[in-house]
Amino acid sequence: MWINPLRDPADRRLPRIAGPSGLVIFGVTGDLSRKKLMPAIYDLANRGLLPPGFSLVGFARRDWEDEDFAQVVHDSVKEHSRTPFREEVWQQLAKGMRFIQGEFVDDAAFDKLRSTIEELDKEQGTGGNFAFYLSVPPKFFPQVVRQLKDHGLADPPKGSWRRAVIEKPFGHDLASAQELNKVVHEVFPRDEVFRIDHYLGKETVQNILALRFANSMFEPIWNRGYVDHVQITMAEDIGIGGRAGYYDGIGAARDVIQNHLLQLMALTAMEEPASFHPKALVTEKLKVLTSVKIPDDLGKHTVRGQYAHGFQGGEEVPGYLEEEGIDPKSKTDTYAAIKLEINNRRWAGVPFYLRTGKRLGRRVTEIAVVFQRAPYLPFDAAATEELGQNALVIRVQPDEGVTVRFGSKVPGTSMEVRDVTMDFAYGESFTESSPEAYERLILDVLLGDANLFPRHQEVEESWRILDPIEKYWDAHGKPAQYESGTWGPAAADEMLARDGRSWRRP
């Protein structure tokens, strides 16, 4: 086998450089594409992880020429990219950019897409390898996928690949998710479908696996013998913004718990996989999701809320029902909290509390593993008054890192113990900044590495967990109101108080 003498075997990037390939983005004029996808592609090129002939094709309704498209990408990249803007990298990328104007029902546009891809194969040397990224509202997924099939775009030339990348939400309940899986799998092989959950691309989420399985100090206590409960929080300090059309009728639980939070729970609770191969990871995550037990009394152990008028960051903000485009009678939840248990030997009896909401105290996502109280035998009662429970907190965003909370003696002549924290922050411990989640995920799609992407079985199991809760909410009353800028409805605090616990204040 020929070995390139110019390649340095010590270069850690080598196995992670994409081969000849291109990416087609449907819905290229949307926010996600401008703020996340295009800057991520530029950052990958800037880091030397894309092939020289990499091609980017945009598909949307706007009437643009290729030059207009290149200009839009240029502006997005300059504004949102993580790495410095370099003209020579940009020029190389711009050579492979094309734009196709059309509706998703427009056969002529898909014919043009096909001929454009064939041209790029010859000009840029993409080798027939293309990924189709569906950055479009979910109702268009089946239509676009069928058009790709009808125009022969989903069938790769011999020795090449074609892949589909699908953004969440993947269905709105179990039945619709199964229907969508059926449509997509009729066109693309199961291994070539990548469902994006951008949380799984975050360094800190991958660090859950490193923290647990690369260190011997955590694993012995990562079980029901030592852990009292686990809290997983994803809080946003913003309202729905301009997303009324998408958000109303979906709500916080479908938008966040079904995918992000259940995935974080699966990674926190899973057994050690045999390897980091996608199949081994999926096997262990599925074991967790299939063992999840939802509470018998959903009225006591689930809470939904809606933000009301209030103050956030010193500014007056409207309530959800006052937002533009929202029906004043809407029962859509902007806050959801649920209690789940995992029926297996490691976690039996340990509650997992999941919560998410908009217009909460601050933007934060974290996983808190809270340990059981020590018996405090040698101490008198006054000595441990200010001591809480030990906790290991994994901060997913925005201050990525890990905090350990434990008790320490207060300096002085008496024996008094109080909580202190030890902090690890990514920004302080490593000189290299964390790549954006989409950088890692787009590169993985081009490499065909699926270990950070939920499989269809995981999506369906997540809906199996959430569906009965959503059904119960539909039949019982309205969401509780909570003032914007607070930490959710009083009912959520009461839910934990019944178990003798309280929410962490992140």
Side-chain angles (χ1 to χ4, degrees), residues 1-26 28 33-34 36-59 65-78 80-100 112-133 135 153 156-163 165 192 194 201 432-433 435-436 438-449:
M1 189 176 105
W2 182 78
I3 291 169
N4 185 342
L6 300 176
R7 281 195 152 182
D8 179 355
D11 186 342
R12 300 278 293 160
R13 295 175 310 164
L14 286 185
R16 305 286 303 157
I17 295 177
S21 53
L23 185 66
V24 178
I25 301 178
F26 290 95
V28 77
S33 180
R34 285 202 330 275
K36 297 288 184 188
L37 306 183
M38 297 180 202
I41 289 163
Y42 170 81
D43 288 331
L44 286 170
N46 210 2
R47 290 164 63 204
L49 300 177
L50 291 184
F54 180 79
S55 301
L56 177 63
V57 182
F59 188 112
E65 297 297 322
D66 291 343
E67 301 78 44
D68 302 330
F69 175 53
Q71 189 59 46
V72 169
V73 180
H74 176 274
D75 296 345
S76 303
V77 162
K78 258 198 151 155
H80 300 288
S81 66
R82 182 178 66 87
T83 56
F85 187 81
R86 295 189 359 236
E87 194 58 38
E88 66 275 20
V89 173
W90 169 253
Q91 290 303 337
Q92 177 75 34
L93 250 187
K95 273 186 209 159
M97 283 186 199
R98 303 288 184 274
F99 182 77
I100 309 286
K112 190 175 176 205
L113 177 59
R114 184 181 174 137
S115 58
T116 302
I117 283 177
E118 285 164 1
E119 261 168 49
L120 287 168
D121 273 350
K122 295 191 190 101
E123 289 172 27
Q124 296 287 104
T126 53
N129 300 319
F130 272 87
F132 300 99
Y133 198 122
S135 176
L153 287 155
K158 200 172 181 341
S160 309
W161 51 256
R162 293 287 159 91
R163 294 179 183 138
V165 187
E192 302 292 14
F194 290 73
E432 192 172 331
S433 66
E436 257 285 321
Y438 281 99
E439 276 176 69
R440 172 73 194 265
L441 295 172
I442 289 170
L443 182 58
D444 281 356
V445 167
L446 299 176
L447 291 165
D449 180 351

Backbone N or O of Lys112 within a donor-acceptor pair of the Ser115 side chain at under 3.5 Å? yes
So does Asp43 pair up with Arg47, basic N to acidic O under 4.0 Å? no
Where do Ser160 and Gly127 come nearest, in terms of heavy atoms and distance? OG-O, 2.7 Å
Rounded to the nearest 0.5 Å, how far does OG of Ser81 lie from NE2 of His74? 10.0 Å
Report the C-alpha separation of Asn129 and Ser21 in whole Å, then their side-chain angles, then the decisive distance to 0.1 Å, and conclude whether the side chain to side chain donor-acceptor pair (under 3.5 Å) test is met. CA-CA 5 Å; Asn129 300 319; Ser21 53; over 6 Å; no
Taking the side chain as C-beta and beyond, is there a heavy-atom pair between Leu446 and Phe54 under 4.5 Å? yes
Considering all heavy atoms, the nearest Arg162-Pro157 contact: NH2-CD, 3.7 Å
Residues at least two apart in sequence or cross-chain that pass ring-ring contact (aromatic ring centres under 6.0 Å, His included) with Phe130, listed by chain then number, are none
Between the CD1 atom in Ile25 and the CZ atom in Arg34, the distance rounded to the nearest 0.5 Å is 12.5 Å
What I'd like to find out is whether the side chain of Thr83 reaches to under 4.5 Å of the side chain of Val89, using heavy atoms alone. no
Partner set under side-chain hydrogen bond (donor to acceptor under 3.5 Å, both in side chains) for Arg82, not counting sequence neighbours: Ser433, Glu439
Output all residues satisfying salt bridge (charged side-chain N to carboxylate O under 4.0 Å, His left out) with Asp449, sequence neighbours left out; order by chain, then residue number. Arg16
Going from CG on Leu153 to CG on Leu113, what distance comes out if it is rounded to the nearest 0.5 angstrom? 5.0 Å
I want to check something: taking the side chain as every heavy atom from C-beta on, are Trp90 and Val73 in contact at a cut-off of under 4.5 Å? yes
Residues pairing under salt bridge (charged side-chain N to carboxylate O under 4.0 Å, His left out) where one sits in residues 85-97, two or more places apart or in two chains, turn out to be Arg86-Glu88
Measuring only between side-chain heavy atoms, which start at C-beta, is Phe132 closer than 4.5 Å to Val57? no
Compare every heavy atom of Ser33 with every heavy atom of Pro39, then report the nearest pair and how far apart it is. CD-O, 4.0 Å
Leu56 side chain reached by Ile41 side chain, heavy atoms, under 4.5 Å: yes
Who pairs with Glu192 by side-chain hydrogen bond (donor to acceptor under 3.5 Å, both in side chains), at least two apart in sequence or on another chain? Arg163
Closest heavy-atom pair and its distance - Ala131, Val445: CB-CG1, 3.8 Å
Ser135 versus Leu37: any side-chain heavy-atom pair under 4.5 Å? yes
Does the plane of the ring in Phe85 sit parallel, tilted or perpendicular to the ring in Tyr42? Use 30° and 60° as the thresholds. parallel
CG-CG distance between Leu50 and Leu23, expressed to the nearest 0.5 angstrom: 9.5 Å
To check you understand the geometry: which heavy-atom pair defines the closest contact between Gly96 and Gln124, and what is its length? CA-NE2, 3.4 Å
Ring geometry between Tyr438 and Tyr133 (parallel below 30°, tilted from 30 to 60°, perpendicular above 60°): tilted
Beyond-backbone contact of Thr116 with Phe99, side-chain heavy atoms, under 4.5 angstrom: no
Is any side-chain heavy atom of Val165 less than 4.5 Å from a side-chain heavy atom of Val24? no
Can you pull the salt bridge (charged side-chain N to carboxylate O under 4.0 Å, His left out) pairs that have at least one residue in residues 120-133, sequence neighbours excluded? Arg98-Glu123
